[in-house]
Each structure stands twice: as structure tokens, then as C-alpha cells.
Amino acid sequence: MRCSSVFFVFCVKQMSNADMFPKNHDEIDFEFLGNIRGKEWRVQTNVYGNGSTDTGREERYNLWFDPSEDYHQYSILWTDSHIIFYVDNIPIRVVKKSEAMGGDYPSKPMSLYATIWDGSDWATNGDKYRVNYKYAPFKAEFSDLVLHGCAVDPIEQVSKKCDKTQGSEYIPTGVTRLQRMRMESFRKRQMTYSYC
Ligand SMILES: *[C@@H]1O[C@H](CO)[C@@H](O)[C@H](O)[C@H]1NC(C)=O
């Protein structure tokens, strides 16, 4: 994904099911926040489960590159035991399903969205700068979208067709030692906010 010349707007790549479950939806997000030219780009991740929007699990980081200059890979691995966010194949966050999360772990079928929207109310240094439409149109460019998983019948809500090319042996069950070192180093240097 590449967000180019974006002023005070943000690109979002997320999984959600708010249309099917308006009261208790799940959501897993990558959100690129409003940026001022020349400043470090900020991205945040969040996880909601079963409508837990008032216990968001937000984390915010500065990127080590300008995402509007080139394509980078942003990935979300979601299994029934853990969620891993990756930027260019470096894991930046692991969320493990735990007792403490209770029903807050995303567990219902979701769709994938990649959008750009006006987040003036909160995504621009908390409402400090509004989207300036003088700079419109705003563009987000996406390429090489890959989606593995099980397709779900929207009416019956059961999955019948799974992606056979992605056998369970290819699904990481966690991060390797090397990946964990890179993740910890990223989090120490680049994370600027965490909900806990
Ligand atoms: C999800 O929320 C619904 C409605 O609020 C509730 O009835 C249900 O028990 C919750 N599910 C879990 C797994 O906590």
C-alpha cells in the first residue's frame, strides 16, 4: 500500500464486520494517521472484539520510512489463538488470545477493507488540524493484495471453502527468535503510545 501526498487524511487497512454485527463487531486495524509533510509518519494498530470499542487496544508507532514514497507490505495474521501485525515482514505486534480478553478476541468472520477517510476528529493530532480540502483529491494506492483463509457464506455464516494452498504448516504459530529481537527493537525505538 502506498499513500501519496496525503495531508491530514489517513489510509486504513483493516478487517471488520461492523456491517454484519453493528452492536458487537470485531475489527483489526492498521491506520495511517494524518501527516504533515516532512514529519515522521505515524501508524497505529488496534484490535476490537465483540463490540469492545470502549476497551480499544491501540498502539501507535513512528514509521522508519515515508509510506507515501513507495509500496511497503502491511500484513495481518489472524488465527484463533493470536494476531500478528507485520510491516515489511517484521512483526511489530503480537496479540495473544487470553482468558483476560474474554469475548474481546475477534472471532467472527470479517471482511478486508482498504480505504482512505477523513479522520479529522481524532486522527490529526486529536482534532488540532482538520483535513484541508485545498489539497484534494487524496489518493491511496494499493497493490499485490493477498488474502488467505476460509470464505464464509454471508447468509449461513459458515465457512465451506478454505484456501487449500495455505495449509496449516504455512501459518506461523508465533514469531521466531530473530523476529522477536527485531520486533522488540522496533517497539523500543518506534512505539510512541500503548493502551496499557
Ligand atoms: C458478544 O456480545 C454479545 C452481545 O453483547 C453477547 O451476548 C455475547 O455473549 C458476547 N460473546 C462473547 C464471546 O463474549
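None of the values given here were measured: they were computed from a predicted structure. This chain uses plain numbering: 1 for the first residue, then up along the sequence. Start at 1 and go down the list; that is how both ligands and their atoms are numbered.
- A heavy-atom distance below 4.5 Å is not found between the side chains of Asp80 and Lys97.
- For Arg57 and Asp104, the salt-bridge test passes: some basic side-chain N is under 4.0 Å from an acidic carboxylate O.
- With no hydrogens or angles considered, no side-chain donor-acceptor pair links Asp26 and Tyr105 at under 3.5 Å.
- Side-chain atoms of Lys108 and Asn50, non-hydrogen and from C-beta on, do get closer than 4.5 Å to each other.
- Each of Asn24, Asn50, Gly103 has a non-hydrogen atom positioned under 4.0 Å from some atom of ligand 1.
- Here the two rings, on Tyr61 and Tyr193, have centers that are 6.0 Å apart or farther.
- Under 3.5 Å, the side chains of Ser185 and Arg189 contain a donor-acceptor pair of N or O atoms.
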